[in-house]
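All remarks here apply to the structure that follows.
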Amino acid sequence: MVNTAVLVSGGGTNLQAILDALHFGEIKNCKIVEVISSSPDAYALARAENAGIPHRVIDIRQHSNRFVYTDAIIDRLRAIDAELVVLAGFMYVLSPRLTELFKNRVINVHPALIPSFCGSGFYGLRVHKSALEYGVKVTGATVHFATAQADAGPIILQQAVEVLEDDTPETLQRRVMEEAEHKILPKAISLYCEGRLVVEGRNVRILGEEPKWIL
Ligand code: GAR
């Protein structure tokens, strides 16, 4: 079993998708050892509680800068012997020390098709607002390995979602969550925990996947 920590900041629908997928056996060889929230007010904490998963707050507001905060997160990840770290709606860019110590072991979900609408300042609803303002017809979600630069690491899975004419940031966010994020995040976690991801530079090879052209 791969000891996995999930980092959250808010509503926790991605956490819920992970917990549901674990419950139905869709994520293999994974144990969530702790849910860590950057805020005491995150509803994600109630979701962890309801599922009987250990959870704690490491409050970002009680740390002087992101370096000190990242060190506190790393101390906790070591204490719980986490092998894999999942950023599931975690709204802060942590210092490079995390991705150096956990190289190719931090998975992030981003609510757009990277490299569009990503990087510094693109998080939560802002991503969908920017996509609508730009006028794209297709958006989606990306799951990738985190590196020192925000939203720039090797891509594991992507799922496209159509933009509708009457979409608002809120309706688009909901559809991207339901049709993309909540599907590809649990799948990527399972692939990692099954040992089926091989990182070769920027490319992630998925072992045991049927080539798309085999019908
Ligand atoms: C999700 O859409 C997630 O992809 C996004 O915030 C939302 C959190 O929802 N994350 C980012 O924008 C990080 N760059 P959730 O708390 O319900 O999972």
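All ligand and atom numbering here is 1-based and tracks the order in the structure.
- Not close to ligand 1: V8, with no non-hydrogen atom less than 4.0 angstrom away.
- In terms of protein heavy-atom proximity, atom 8 (C) of ligand 1 is closest to G89 CA, 3.6 Å.
- With N50 contributing its side chain and A46 its backbone, the two residues share a donor-acceptor pair below 3.5 Å.
- Ion pairing between E26 and K187 fails under the 4.0 Å rule for side-chain N and carboxylate O.
- A salt bridge does not link E170 to R174: none of the charged nitrogens lies less than 4.0 Å from a carboxylate oxygen.
- Within ligand 1, the atoms closer than 4.0 Å to a non-hydrogen atom of G11 are 16 (O), 17 (O), numbered from 1 in the order shown.
- Atoms of ligand 1 found under 4.0 Å from any heavy atom of G124, numbered from 1 in the order shown, are 11 (C), 12 (O).
- Heavy-atom contacts of Y123 reach the following atoms of ligand 1: 12 (O), 14 (N) (cutoff under 4.0 Å).
- With respect to atom 14 (N) of ligand 1, the closest heavy atom belonging to the protein is H110 ND1, 3.6 Å.
- Below 4.0 Å from some heavy atom of E181 lie the following atoms of ligand 1, by number and element: 1 (C), 2 (O), 3 (C), 4 (O).
- Protein heavy atom in closest approach to atom 9 (O) of ligand 1: M177 CE, 3.3 Å.
- Under the rule for a ring-ring contact (aromatic ring centres under 6.0 Å, His included), the partners of Y69 that lie at least two apart in sequence or sit in another chain are H63.
- In this structure E200 satisfies the salt bridge (Lys or Arg N to Asp or Glu O under 4.0 Å) test together with R205, sequence neighbours excluded.
- Distances between N or O atoms of Q173 and those of ligand 1 include no value under 3.5 Å.
- Nearest-residue assignment for atom 16 (O) of ligand 1 (options G12, A42, G10; heavy-atom criterion): G12.
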